[in-house]
Protein chains: 2
Amino acid sequence: MSKCEQCIVREFSSLKALTKDELIKLSDCKTSHIIKKGDVIFEEGENVNGIYCIKDGVCKLTKLSANGKDHIVKLVTKGELLGQRSMISDEPVNLSAVALEDMQVCFIPKSEVMGYFDKNNQFSMNVMKSICGDLKEADDHMVNLAQKTVKERLAETLLYLNDTFGKNEDSSLKVQLSRDELASIIGTATESCIRLLSDFKKLGLIELTGKKIVLKDINALKKLAE
Amino acid sequence: MSKCEQCIVREFSSLKALTKDELIKLSDCKTSHIIKKGDVIFEEGENVNGIYCIKDGVCKLTKLSANGKDHIVKLVTKGELLGQRSMISDEPVNLSAVALEDMQVCFIPKSEVMGYFDKNNQFSMNVMKSICGDLKEADDHMVNLAQKTVKERLAETLLYLNDTFGKNEDSSLKVQLSRDELASIIGTATESCIRLLSDFKKLGLIELTGKKIVLKDINALKKLAE
DNA sequence: TTAAAAATATGATATTTGTCATATTAAATA
DNA sequence: TATTTAATATGACAAATATCATATTTTTAA
């Protein structure tokens with residue numbers, strides 16, 4: 001079993017506050033998992049009873065809406081934690097987590113994590129800050145959904161994917177989303193999303209090759225996103 | 001200066017975890033304020049450096065969008081706290097707070113509150129749970145904005161106002177919002193909001209008398225909201 | 001490899017929502 | 001109270017977006 005001490009998740013997440021002793025104990029109680037693209041890590045309504053550390057890969061957090069469609073609330077990538085809100089609220093998770101690519105994750109049981117809250121104030125503060133960051137992001141996202149047009153949201157989302165997850169060697173966006181998934185981030189019909197991508201292509205803003213998307217004119221996209 | 005011990009805010013908020021000693025100290029360092037309807041408590045981008053306790057009244061939390069319109073992210077009422085996220089993140093507030101009716105609030109400086117985090121674990125957990133609740137609410141709200149029609153969102157918002165803030169003796173909604181404010185909760189143009197209210201009235205779902213709104217057919221509204 | 005299934009693309013059209021113009025009513029204030 | 005200003009209301013129209021149909025391409029799996 002791999003040690004937690006040099007893990008990328010420890011480096012970037014709230015877990016960076018853990019002491020040597022806490023890390024050794026953590027190494028013993030965690031379980032490692034390989035998740036295949038498309039696999040469900042947990043589903044809305046489930047009792048997860050712990051948190052997941054993402055060692056590698058990206059997943060989407062989705063919520064089923066009343067009309068039966070999934071909405072993608074957030075993308076989460078390596079170095080980040082999953083399931084904190086649910087653990088703290090002591091409630092079932094309110095979102096589903098599905099792998100967008102092959103992933104490596106570790107699971108830490110709730111009993112272990114709750115101990116850190118009691119004994120390690122810095123850890124508590126880190127978790128709080130991380131959740132506060134999510135909340136601020138959610139507020140921003142909300143206002144965008146309420147006030148911006150679909151075109152603006154698409155441009156913004158493409159820029160976000162570029163900034164957050166970077167590019168492949170062929171300079172296409174690293175995170176590959178289906179048109180359907182892209183539509184469910186920006187909150188529109190799949191056809192509308194496809195149509196706007198075609199428009200962007202015709203305007204020379206992007207290049208489309210199968211699922212691959214290359215951003216050709218970042219400045220123009222920024223203007224479109226306002 | 002009034003004591004914090006019997007205050008409604010202490011009863012319902014994270015502050016319920018404070019000890020007798022902490023409460024006595026708190027009574028000394030807090031400042032009380034009367035806020036008039038329409039007054040700004042704080043503005044997006046400001047450094048607040050503490051939290052507000054709402055003893056009485058309701059306020060709106062708004063965020064300016066790129067197109068210059070305000071969006072109402074959340075309504076906050078007596079017994080609740082304001083400014084927690086900003087204080088924990090150590091950032092300017094990301095939302096403005098404006099009184100919807102006359103309010104009584106107390107301000108507790110950051111230095112005082114941060115001390116509780118170090119010494120009182122139950123207080124920390126309470127704050128975390130409260131912010132986690134906000135985050136879950138924000139996720140729900142986000143999906144509604146992305147997936148529901150304006151009509152569905154209006155019906156849902158009317159029901160929410162009824163459930164959360166209750167009715168006056170004349171059975172009209174207690175929180176009085178202008179059509180403009182209502183529109184900026186549901187994320188639509190003021191005229192569209194007005195038009196849909198008229199439709200609801202014609203269908204016998206609500207009654208309109210000036211600013212007053214009476215819900216006549218809750219079940220039909222529930223069906224409309226899905 | 002080939003057939004079947006799924007994803008992407010595009011046209012035609014309907015519906016929803018926004019915008020602008022203009023009444024009408026209510027509220028503020030001189 | 002009278003006058004001004006702001007809020008509410010409604011019509012006419014334009015723009016944005018969704019829906020349905022269908023073609024094309026890509027992916028999956030027999």
Side-chain angles (χ1 to χ4, degrees), chain A residues 36-38 65-72 100-101 144-158 172-173 176-203 206-214 224-226, chain B residues 36-38 65-72 100-101 144-158 172-173 176-203 206-214 224-226:
Chain A
K36 285 275 174 202
K37 179 178 175 170
S65 81
N67 63 26
K69 277 196 218 163
D70 267 328
H71 181 77
I72 297 181
L100 289 175
E101 37 186 72
N144 282 342
L145 284 168
Q147 307 272 5
K148 288 193 174 178
T149 64
V150 174
K151 191 188 287 180
E152 288 166 347
R153 267 139 57 198
L154 175 58
E156 187 174 46
T157 301
L158 292 175
S172 65
L173 294 179
Q176 281 205 13
L177 299 166
S178 67
R179 302 292 188 263
D180 195 52
E181 286 169 329
L182 198 48
S184 101
I185 289 180
I186 66 183
T188 191
T190 308
E191 295 95 325
S192 299
C193 176
I194 291 173
R195 224 179 287 273
L196 283 171
L197 283 174
S198 297
D199 292 349
F200 282 9
K201 184 184 173 182
K202 274 169 208 154
L203 291 167
I206 61 174
E207 226 166 55
L208 298 173
T209 321
K211 257 192 178 53
K212 285 182 185 295
I213 301 176
V214 178
L224 262 184
E226 266 189 335
Chain B
K36 285 277 173 202
K37 176 175 177 173
S65 81
N67 63 27
K69 275 195 219 163
D70 267 328
H71 182 77
I72 296 181
L100 289 175
E101 38 187 72
N144 281 342
L145 284 169
Q147 307 273 4
K148 289 194 174 176
T149 64
V150 174
K151 191 189 286 182
E152 287 165 347
R153 268 139 55 199
L154 174 59
E156 188 174 45
T157 300
L158 292 175
S172 64
L173 294 179
Q176 281 206 16
L177 298 167
S178 68
R179 303 292 187 262
D180 194 52
E181 287 169 329
L182 198 49
S184 102
I185 291 180
I186 67 184
T188 191
T190 309
E191 295 94 325
S192 299
C193 176
I194 290 173
R195 223 178 289 273
L196 283 171
L197 282 174
S198 296
D199 291 351
F200 283 9
K201 184 183 172 182
K202 275 170 207 150
L203 290 167
I206 62 174
E207 225 167 53
L208 298 173
T209 320
K211 257 195 177 52
K212 287 182 183 296
I213 301 176
V214 178
L224 261 187
E226 266 190 332

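- We find that CD1 of B:I186 is positioned 15 Å from P of C:dT16, with the value rounded to whole Å.
- Going from atom CD of B:E152 over to atom P of D:dT17 covers 17 Å, rounded to whole Å.
- A:N67 and A:S65 share a donor-acceptor pair across their side chains, judged by distance under 3.5 Å alone.
- A:K212 has its NZ atom 14 Å from the P atom of D:dT26, to the nearest Å.
- With a 4.5 Å cut-off on side-chain heavy atoms, A:L154 and A:T188 do not count as touching.
- In this entry the distance linking CG of A:L196 with C1' of D:dA15 reads 13 Å, nearest Å.
- The side chain of B:S192 places an N or O atom within less than 4.0 Å of a non-bridging phosphate oxygen (OP1 or OP2) of C:dG18.
- As a whole-Å value, the separation of A:L224 CG from D:dA16 P is 12 Å.
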Checklist entry - For nucleotides 7-14 of chain D, read 5' to 3', which letter fits each nucleotide if B means a protein heavy atom sits under 4.0 Å from the base, S means only the sugar-phosphate is that close, and - means neither? => result SSBBBB--
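- A:E226 has no carboxylate O lying under 4.0 Å from a charged side-chain N of A:K148, or vice versa, which leaves the two without a salt bridge.
- Interatomic distance, CG of A:L208 versus OG of A:S172, reported as 11.0 Å (0.5 Å rounding).
- The shortest side-chain heavy-atom distance between A:D199 and A:K151 does not fall under the 4.5 Å cut-off.
- Taking the side chain as every heavy atom from C-beta outward, A:I186 and A:L196 never approach each other to under 4.5 Å.
- Following rounding to the nearest Å, B:K148 (NZ) and C:dT17 (C1') show an atom-to-atom distance of 18 Å.
- In this entry the distance linking CG of B:L154 with P of C:dT16 reads 15 Å, nearest Å.
- One atom, CG of B:L145, and another, C1' of C:dT16, lie 16 Å apart when rounded to the nearest Å.
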